[in-house]
Amino acid sequence: MSFVALDRLVKKQLIPETSAARVAFLWDEIRRLKKEKRAFLPAHNYQLPEIQAVADFVGDSFELAVKSRDIDSRLVVFCGVRFMAEGCYTLAPERPVYLPSLQALCSLAEVDADEVAERQDFLRSLGRNFVTMTYVNTYADVKALSDTCCTSSNAPKIAARLGAPDILFVPDQNLAYQVALQTRRMYLPPPDPHQFSPQEYKERIEPLMREGERQGLVGNVFAWEGACHVHHAMTLEDIAHIRRDDPEAVVIVHGEVRPELQEEADEVMSTSGMVRYVAEHPEKKKLAILTECGLVVRLELENPEKQFYKPCRLCRYMKANDLENVYETLRDEPAERRITVPESVRTGAALAMQRMIELAT
Ligand code: 13P
Ligand code: SF4
């Protein structure tokens with residue numbers, strides 16, 4: 001991305017002056033190796049700016065899934081987290097996909113596929129007419145149990161097109177709320193993590209389902225008990241603080257924040273939705289962006305004339321990638337950083353991802 005010039009990164013103290021020469025060397029080497037090896041380097045919006053600077057494409061998780069499926073390259077070094085690299089392999093398994101750091105995981109993605117199958121059995125036992133919608137922030141075994149995947153940029157749109165009244169939404173309980181709200185379904189809060197008791201859960205959700213019927217809603221969203229450690233930690237006080245300091249600031253939150261923050265915000269969006277919003281609203285000069293800080297850093301670099309408040313937080317998983325391990329991975333193609341999926345689950349996961357792409361576009 002051309003917006004990231006080395007002198008600006010130093011001036012904004014995003015990289016120390018003492019590292020500038022090394023960064024310049026790594027950029028040259030990465031660009032040379034990409035060409036030589038016909039490699040594609042996609043990067044998520046949360047990646048460090050010095051990584052975004054040498055990436056071939058920067059986007060949200062939906063854009064990255066589509067782009068890296070369609071691109072013609074010999075290999076991919078995926079500058080994002082594991083589920084994204086896995087999704088890239090799932091859609092185009094003929095091409096090696098590498099992840100710069102094996103620590104680049106995601107707190108949402110750690111879902112036990114057996115527990116999902118158990119929940120599906122439970123909903124069947126209640127006689128519910130449901131589909132399973134899985135956020136892409138999951139691994140292939142869970143995707144393979146799903147009717148479709150979705151991302152934060154398209155979850156309500158996909159839900160509206162599925163045709164079943166009820167939705168089991170895995171794993172983000174907060175994005176599940178946004179789906180319920182926008183598709184006129186009753187939001188059924190998740191059970192406590194790893195404490196699923198069918199009887200207790202049933203007693204909790206039945207009155208809510210009856211209330212949904214009374215209100216004439218389309219159906220129900222059964223929220224899974226997952227949450228992102230970054231977005232779930234954001235509080236109403238983060239927004240109240242901004243509103244007190246600057247009532248004119250537009251407050252934009254990611255769909256992974258808690259329901260009460262989604263209600264209080266001016267807009268709820270995916271990361272690239274936020275980038276577009278800022279570009280398409282030159283008149284909005286002050287913005288508070290509640291998501292991972294990498295996105296806000298990018299917006300500041302792209303929009304120096306605007307003021308960004310930063311109640312953002314860091315994702316340690318996204319920040320496990322750095323320019324050094326991106327370079328090493330591209331140079332050495334280490335076998336242990338190659339991401340694959342057993343073929344027995346890949347095909348089911350690919351169907352769910354392809355269905356997402358069809359329904360979202
Ligand atoms: P986006 O699809 O909005 O980029 O979100 C991905 C993610 O991991 C958010 O935390
Ligand atoms: Fe996962 Fe949250 Fe990090 Fe996104 S910000 S990669 S959802 S842990």
Side-chain angles (χ1 to χ4, degrees), residues 42-48 51-52 55 57-69 78-88 99-111 133-139 142-143 149-158 169-179 193 224-234 252-258 261-262 265 267-278 289-299 310-321 339 353 356-357 360-361:
H44 186 263
N45 287 318
Y46 294 159
Q47 291 289 285
L48 291 167
I51 294 180
Q52 294 195 23
F57 179 79
V58 181
D60 67 15
S61 44
F62 181 71
E63 294 167 334
L64 289 167
V66 176
K67 189 79 178 175
S68 40
R69 177 197 65 171
F78 209 112
C79 303
V81 290
R82 189 181 183 105
F83 77 79
M84 295 176 177
E86 215 197 67
C88 177
L99 187 64
S101 165
L102 294 180
Q103 309 305 315
L105 303 171
C106 170
S107 51
L108 271 169
E110 304 304 319
V111 177
M133 254 182 102
T134 296
Y135 196 26
V136 284
N137 300 41
T138 44
Y139 296 120
V142 171
K143 288 189 173 89
C149 291
C150 66
T151 73
S152 59
S153 69
N154 55 36
K157 183 176 180 179
I158 290 178
F169 193 91
V170 183
D172 188 8
Q173 57 185 278
N174 298 325
L175 192 59
Y177 174 79
Q178 190 54 214
V179 169
W224 191 263
E225 47 270 39
C228 156
H229 75 289
V230 175
H231 294 90
H232 206 58
M234 293 174 176
I252 307 179
V253 300
H254 194 272
E256 291 174 11
V257 300
R258 292 171 189 264
L261 278 78
Q262 297 181 30
E267 306 284 345
V268 182
M269 290 178 178
S270 78
T271 55
S272 287
M274 294 170 177
V275 174
R276 276 191 296 276
Y277 181 93
V278 173
I289 309 276
L290 276 75
T291 191
E292 209 272 348
C293 297
L295 194 267
V296 192
V297 168
R298 172 186 170 168
L299 288 171
K310 291 203 250 184
C312 63
R313 284 176 174 71
L314 283 175
C315 172
R316 62 178 177 276
Y317 302 117
M318 281 282 178
K319 277 7 188 212
N321 297 329
I339 304 299
M353 288 189 76
M356 162 181 78
I357 295 171
T361 44

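Every number for a ligand or one of its atoms is a count from 1 in the order of the listing.
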Ligand 1 N/O within reach of Ser61 N/O, cut-off under 3.5 Å | yes

Asn137 heavy atoms within 4.0 Å reach ligand 1 at atoms 7 (C), 8 (O)

If we number the atoms of ligand 1 from 1 as shown, the ones under 4.0 Å from a heavy atom of Glu256 are 7 (C), 9 (C), 10 (O)

For ligand 2, which part of Ser107 has a heavy atom less than 4.0 Å away: the side chain, the backbone, both, or neither?
-> both

Please name the residue in the list Asp60, Thr151, Asn45 that meets the side chain to side chain donor-acceptor pair (under 3.5 Å) test with Thr271.
-> Asn45

Heteroatom proximity flag, Thr151 to ligand 1, N/O under 3.5 Å | no

Backbone or side chain, does any N or O of Ser152 fall under 3.5 Å from an N or O of ligand 1?
-> yes

If we number the atoms of ligand 1 from 1 as shown, the ones under 4.0 Å from a heavy atom of Tyr46 are 7 (C), 9 (C), 10 (O)

Winner among His254, His44, His231 once heavy atoms are compared against atom 3 (O) of ligand 1 | His254

Checking only N/O/S atoms, does Cys315 have one that is under 2.8 Å from atom 3 (Fe) of ligand 2?
-> yes

Do any N/O atoms on Asn45 end up under 3.5 angstrom from N/O atoms on ligand 1?
-> no

How about Cys106: does one of its N, O or S atoms come closer than 2.8 Å to atom 2 (Fe) of ligand 2?
-> no

